[in-house]
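Contents: one structure, followed by commentary.
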Amino acid sequence: MKKWGMAVLAIMMIMPANRPAVCGKEKQAIKKTVQKDKKEKKKKVICIDAGHQLHADTSLEPNGPHSKVKKMKVTAGTVGRYTHVSEASVNLAVALKLEKILKHRGYQVVMVRRHMKVNIPNSKRAEIANKAHADAMIRLHCNDMGESHTHGFFVCTPSRHNKFMSKKLIDRSLQLSKCLLPAVEKQTHANNRGLSYRDDLTGTNFSKAPTALIEMGEMHNKQEDQLLVTASYQQKMALGLANGIDAFFH
């Protein structure tokens with residue numbers, strides 16, 4: 001009897017009562033915590049640059065790292081021919097809407113500016129994205145072709161000959177740009193004018209993140225000028241951009 005009792009006691013010590021259920025719950029809780037931590041670590045950082053500002057800074061800066069070519073640090077942008085609303089204010093309005101959408105979708109957002117009364121050179125705008133280790137930089141602009149019949153949006157991306165950016169960064173910028181085009185077209189139903197390869201954009205040349213500059217519309221076209229200043233169209237534009245960003249990362 002003593003031997004049998006000792007054996008039973010040994011088995012009970014090896015197999016504690018009710019422990020498996022507790023361990024399972026603990027493991028599940030730990031797994032959820034780890035998954036949450038990983039999700040937070042993988043949160044993508046998007047830098048939004050609302051192009052231009054209230055007043056221009058006409059002093060010069062290199063248009064790329066160590067470049068001998070100089071450009072104005074930042075211009076005030078154009079003004080709607082019919083609405084008389086500044087491009088800089090339209091850019092900012094869309095930027096704020098885009099920020100809200102992206103944050104709701106779980107992105108970390110870095111804003112280059114939230115106000116009109118700033119003085120931020122284009123090179124410094126890129127540096128803001130670089131310091132934040134941005135996974136993508138979206139630069140918002142409106143165009144001014146000076147021809148009333150021209151309308152639609154297009155996206156500027158560096159060419160494969162860009163001497164300021166690596167091949168990988170050029171390719172990623174192109175990929176980002178290509179993701180934005182159909183997404184914006186689907187939401188706004190605007191004329192998709194495709195890609196424009198530009199190597200003279202200071203804010204792009206200084207960026208270490210994949211970068212796309214969208215010209216959201218023509219402010220010398222009556223219909224587009226009037227659309228760009230409305231909150232409803234700005235929301236459509238922001239939603240299209242957000243969907244394009246989602247496509248880029250997925």
Side-chain angles (χ1 to χ4, degrees), residues 45-61 63 71-104 107-132 134 136-146 153-156 180 184 188 190 198 200-207 209 211-222 224-242 245:
V45 180
I46 311 299
C47 181
I48 303 175
D49 176 18
H52 303 291
Q53 55 194 34
L54 184 61
H55 300 295
D57 183 345
T58 58
S59 56
L60 303 179
E61 66 175 355
N63 82 318
K71 291 180 65 177
M72 285 176 55
K73 287 184 176 179
V74 61
T75 67
T78 190
V79 177
R81 176 183 291 182
Y82 302 92
T83 63
H84 306 295
V85 175
S86 72
E87 174 196 352
S89 62
V90 172
N91 298 339
L92 182 57
V94 176
L96 293 171
K97 289 176 172 61
L98 178 58
E99 177 194 24
K100 187 175 181 179
I101 295 171
L102 291 178
K103 282 187 173 180
H104 181 72
Y107 290 94
Q108 181 179 336
V109 182
V110 175
M111 300 290 283
V112 167
R113 69 179 179 99
R114 292 179 173 278
H115 308 284
M116 291 290 287
K117 293 182 179 181
V118 298
N119 188 17
I120 311 174
N122 287 316
S123 63
K124 299 299 181 184
R125 292 170 186 245
E127 287 179 12
I128 290 172
N130 296 341
K131 288 180 180 179
M137 184 178 187
I138 306 298
R139 307 182 63 207
L140 305 179
H141 286 259
C142 297
N143 204 36
D144 178 6
M145 290 292 291
F153 70 95
F154 59 95
V155 178
C156 299
L180 295 180
V184 170
T188 64
R198 297 280 299 274
D200 62 330
L201 302 174
T202 306
T204 298
N205 292 340
F206 274 93
S207 178
T211 304
L213 185 154
I214 181 168
E215 296 283 3
M216 299 181 288
E218 296 290 340
M219 299 197 80
H220 269 199
N221 177 276
K222 184 175 183 179
E224 216 149 61
D225 180 22
Q226 293 173 339
L227 275 174
L228 285 166
V229 302
T230 64
S232 59
Y233 191 77
Q234 291 168 358
Q235 183 68 19
K236 290 178 182 178
M237 180 63 67
L239 184 57
L241 289 166
I245 292 168

Can you tell me how far apart [atom1] ([X]) and [atom2] ([Y]) are? Round to the nearest 0.5 Å.
{"X": "His55", "Y": "Lys117", "atom1": "NE2", "atom2": "NZ", "answer": "7.0 Å"}
{"X": "Asp144", "Y": "His220", "atom1": "CG", "atom2": "NE2", "answer": "4.0 Å"}
{"X": "Thr204", "Y": "Asp49", "atom1": "OG1", "atom2": "CG", "answer": "9.0 Å"}

Subject >> Residues forming a side chain to side chain contact (heavy atoms under 4.5 Å, CB included) with Asn63, sequence neighbours excluded >> reply: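 Per chain and number, Asn63 pairs via side chain to side chain contact (heavy atoms under 4.5 Å, CB included) with Ser67, Val69, Lys71, Phe164, Asp200, Thr202, Asn205.
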If we only count heavy atoms from C-beta on, is the [X] to [Y] side-chain gap below 4.5 Å?
{"X": "His52", "Y": "Asn91", "answer": "yes"}
{"X": "Ile48", "Y": "Leu241", "answer": "no"}
{"X": "Gln235", "Y": "Ile101", "answer": "yes"}
{"X": "Arg125", "Y": "Arg113", "answer": "yes"}
{"X": "Cys142", "Y": "Leu228", "answer": "yes"}
{"X": "Met237", "Y": "Val184", "answer": "yes"}
{"X": "Ile245", "Y": "Leu180", "answer": "yes"}
{"X": "Met219", "Y": "Val79", "answer": "no"}

**OP:** Locate the shortest heavy-atom distance separating Asn122 from Val74; write the atom from each residue and the value.
**Re:**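 Scanning both residues completely, I find the closest heavy atoms to be ND2-CA, 4.1 Å.
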Original post:
Closest approach of Ala88 and Ala76, non-hydrogen atoms and distance?
Top reply: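 Closest approach of Ala88 to Ala76, heavy atoms only: CB-O, 4.0 Å.
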Original post:
With a 4.0 Å cut-off, would you call Glu99 and Arg114 a salt bridge?
Top reply: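 Yes, charged N to carboxylate O under 4.0 Å.
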Original post:
Donor-acceptor pair, Glu87 side chain versus Gly77 backbone, under 3.5 Å?
Top reply: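 Absent.
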Subject >> Gln226 side-chain N/O to Tyr82 backbone N/O, donor-acceptor pair under 3.5 Å >> reply: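 Judged by distance alone, no pair lies under 3.5 Å.
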**OP:** Indicate whether any N or O donor in one side chain lies under 3.5 Å from an N or O acceptor in the other, for Thr211 and Arg139.
**Re:**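 Absent: no donor and acceptor within the cut-off.
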